[in-house]
Number of protein chains: 4
Amino acid sequence: MQTRKTGVRAQQADRTRDNILKAAVKVFSKEGFTGGRIEQISTLAKSNDRMIYYYFGSKEKLFISVLEHIYASFNQAEAKLRIDLGDPEQALRELVAFIWDYYVRHPEFVTILATENLHQGQHARKSQNLKALSGEAVGVLRPIIEAGQAKGLFRDDIDITHAYLMIASLCYFYNSNRHTLSSFLAVDLADKQAKADWLVFISDLALRGLRR
Amino acid sequence: MQTRKTGVRAQQADRTRDNILKAAVKVFSKEGFTGGRIEQISTLAKSNDRMIYYYFGSKEKLFISVLEHIYASFNQAEAKLRIDLGDPEQALRELVAFIWDYYVRHPEFVTILATENLHQGQHARKSQNLKALSGEAVGVLRPIIEAGQAKGLFRDDIDITHAYLMIASLCYFYNSNRHTLSSFLAVDLADKQAKADWLVFISDLALRGLRR
Amino acid sequence: MQTRKTGVRAQQADRTRDNILKAAVKVFSKEGFTGGRIEQISTLAKSNDRMIYYYFGSKEKLFISVLEHIYASFNQAEAKLRIDLGDPEQALRELVAFIWDYYVRHPEFVTILATENLHQGQHARKSQNLKALSGEAVGVLRPIIEAGQAKGLFRDDIDITHAYLMIASLCYFYNSNRHTLSSFLAVDLADKQAKADWLVFISDLALRGLRR
Amino acid sequence: MQTRKTGVRAQQADRTRDNILKAAVKVFSKEGFTGGRIEQISTLAKSNDRMIYYYFGSKEKLFISVLEHIYASFNQAEAKLRIDLGDPEQALRELVAFIWDYYVRHPEFVTILATENLHQGQHARKSQNLKALSGEAVGVLRPIIEAGQAKGLFRDDIDITHAYLMIASLCYFYNSNRHTLSSFLAVDLADKQAKADWLVFISDLALRGLRR
DNA sequence: AATGAATGAGGGTTCATTCAT
DNA sequence: TATGAATGAACCCTCATTCAT
């Protein structure tokens, strides 16, 4: 008796599946769901079209796996956060910074989210795993707010959903819409300093939003 | 007020062009640029494929026209705003409410913006008209801030771009990402009351962000 | 005002459609529905794949058109029959000879019927036209039988359906199953004399089946 | 009676091979040779694709095995027939009834024959076993005819091949073409009484065909 | 101004089959 | 004996686009 994935062949298989998934993240991220080509993915994965169907069944199911993957990755990163609730204001700053950094460093997370929303969440709806992955959306934020409230720093009537949406909005939009924004604002949003400034601004803003 | 061209034939032509443009807005809005089908557009416009090429030259040029159209429409709506600068705080609330309402009532504006950003602004970049339409992004916001500053209500070190991004972020994200958010938050974002509550929240937040 | 299909372009279009249909008859006849390749058909028709979809919509609809075509052709041939009811026995011989000859000269009629039956009549069921073409199956046979009965030559208790099935069976099977029969019988069914002998045999048999 | 091989492993192997063969009969019968999928067969056999190649070598060789199998089964059933030649007319009725019943109860025999004929007997031609199985086609019929002739009941100039084809035609066509016939005749050929009536009719007809 | 006819490239997907253990 | 992994060819079909009136 042995675990599912020992043996040279099985390990190679895992690697193949993984290569396809990672290639799919890249391609869907750049081209969207409709624009992403199966052949492009299989080539990038150094595999062939057939294997995508072997492992994932269809383009749609592959995309669903991609969705699950990027959410799981985000959750994993979040789980590594060690936030000291002793200083709730600093804790909030750290959470905002984490989310902001994650979006900046993982543009594929932003674009795939955007793609999925353009498709009206139709793939997310079909995923069982995704539902399991959620529910934790406000898991890190809640204790911070509660700690701040306990210390009398934050307001007592804060709607946790509003707080979450506030942070997400401020981190997401800058990244998701930077291309059209560049046409409309006379600022280079890709500039390092501009990004740093924005992080300071939204951290302050978030605090102002929660403080008494 | 008069039609662009005179003569029955010319009017019919204008109408055909218009039908196509409006159909394109709908289709691209729902299906994205890659997913939007020429045939679907021409059918919806009660015309035929060939006419799209006759009037717009290519799918890409049609999409650019769509971009120009939705921006022009937004500008038109904004131009009708009559905001009293006598009460800068109230003025800001009204601007936030206007943008929020516009996004809510024009989901195609949001989705087409998202689509264009997924394509990294490649169409917007090709439009001359679009560049002319821009530059006015902060045109309404600036006098409000200046009025507030003059009255000592708003801080003096406000970065106008930050202020603009703040408002846009808070109005856009809720609408653009509502499908995936629904999976992750235990709230129905489509609910009327939820929307009204959010508007109150972001109006307050915007003020907190600008006040001394 | 002009009829639908005048004009050089329109005539060419008709020809294209016709070429495809005739190529489809040949290919489906030889390869069956599943085995028949779209590309093979379009190549044989000196057209291209796309036109098949332009004119017929799908492989299945093309096959349905083929079914309608071969039935219509059979009906047309049958309609040209001029059978003298004055001699009912001779009339029956002529009908049997007609059906036999038609099957011999139109092997595609036999194979496409066989194909459709292997598919359990699923295409025929979808055709409205086909239902209209039927109903006339026993149209030629009935007056012959009635004439024979009027003259006291044929039995009065003949079931017209049985009579029809009898003739069809005897004409069809020899043609449809000649390949496997060749393996089992020590006779060359393709031989001209063998065919002539069989026609004599089944004509006699049909008469024996109807006579008093 | 004993299994072909001894030893647990060997028996299991026989069972696997048998499962595949029976699954293949079902699938090819329903889908034809081209339409029958290797995977469908292996799934139905609760085995896997690779085993089909292990035991049969290729899809084509599997189909040949299926052909041999259904012919052998028919021969086996025929071999069990105990026909009393003392009453040649009754003997003929019994033979017709046997063939008719076999076709009715073994639709897969009919459809696989039809499939093989659509493929112009190309598989049958490749089978050595099949040639051995044949030659016996008229083996049961011949003594009946000879007995009838000896008693002066049947004509002396009967062509045994014609007699055989007559019976086969009348039994086969009703079953093979029932789907298209249903569209053309206002009769439900699947009806039990309709089948019984047809058997009476063709038994009588066969006798009329052979009698003096 | 308007439109049926035509096209070539490529889309996702499935096929029978072989490899490697 | 048995089976997961892998493959290349080809399948049906759709795409944006141009031709020819």
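Numbers restart at 1 for each chain; the letters A, B, ... are given by sequence-line order, proteins then strands.
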Using atom [atom1] of [X] as one end and atom [atom2] of [N] as the other, report the distance to the nearest whole Å.
X	N	atom1	atom2	result
D:F33	E:dC15	CZ	P	14 Å
A:M51	E:dT14	CE	P	15 Å
C:I52	E:dA6	CD1	P	13 Å
C:E39	F:dC13	CD	C1'	13 Å
A:I20	F:dA5	CD1	C1'	11 Å
D:R37	E:dT17	CZ	P	12 Å
C:D18	E:dA5	CG	P	14 Å
C:N48	F:dC15	CG	P	16 Å

Report the residue (A:S58 or B:S47) whose heavy-atom-nearest nucleotide on DNA chain E is the more 5′ of the two.
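Result: B:S47.
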Under 4.0 Å between any heavy atoms, over every strand shown, what does A:F56 touch: base, sugar-phosphate, or nothing? Just pick one.
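It contacts nothing in the nucleic acid.
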Within the 4.0 Å heavy-atom criterion, would you say D:G36 contacts the bases, only the backbone, or no part of the nucleic acid?
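The residue D:G36 makes sugar-phosphate contact but no base contact.
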Tell me the partner of [N], counting only Watson-Crick (N1-N3 plus N6-O4 or O6-N4) or G-U wobble (N1-O2 and O6-N3) with both under 3.5 Å; none if nothing fits.
N	result
E:dA1	none
F:dA9	E:dT14
E:dA20	F:dT3

Residue pair D:I20 / D:R17, side-chain heavy-atom distance below 4.5 Å
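Not touching, per the 4.5 Å side-chain cut-off.
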Return no unless some side-chain N or O of [X] is found under 4.0 Å from OP1 or OP2 of [N].
X	N	value
A:Y54	F:dA5	yes
C:Y53	F:dC13	yes
B:T16	E:dA1	no
A:Y55	F:dA6	yes

Got a donor-acceptor contact below 3.5 angstrom from the B:K59 side chain to the B:G36 backbone?
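Present.
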Counting neighbours of CD on B:E39 that are heavy atoms of other residues, nucleotides or ligands and sit closer than 6.0 Å, is the number greater than 12?
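Open: at most 12 neighbouring heavy atoms sit under 6.0 Å from CD of B:E39.
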Return the 5'-most residue of the pair B:D49, C:E60 with respect to DNA chain F, ranking by each residue's nearest nucleotide.
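On the 5' side of the pair lies C:E60.
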Pick the closest DNA chain F nucleotide for C:T34 and for A:K46 by heavy atoms, then say which residue is nearer the 5' end.
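That would be A:K46.
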Considering non-hydrogen atoms only, spot the tightest contact between A:T115 and A:F28 and give its length.
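For A:T115 and A:F28, the tightest heavy-atom pair comes out as OG1-O, 4.4 Å.
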Parallel under 30°, tilted from 30 to 60°, perpendicular over 60°: which one fits the rings of D:H123 and D:F33?
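The arrangement is tilted - the two ring planes meet at 30° to 60°.
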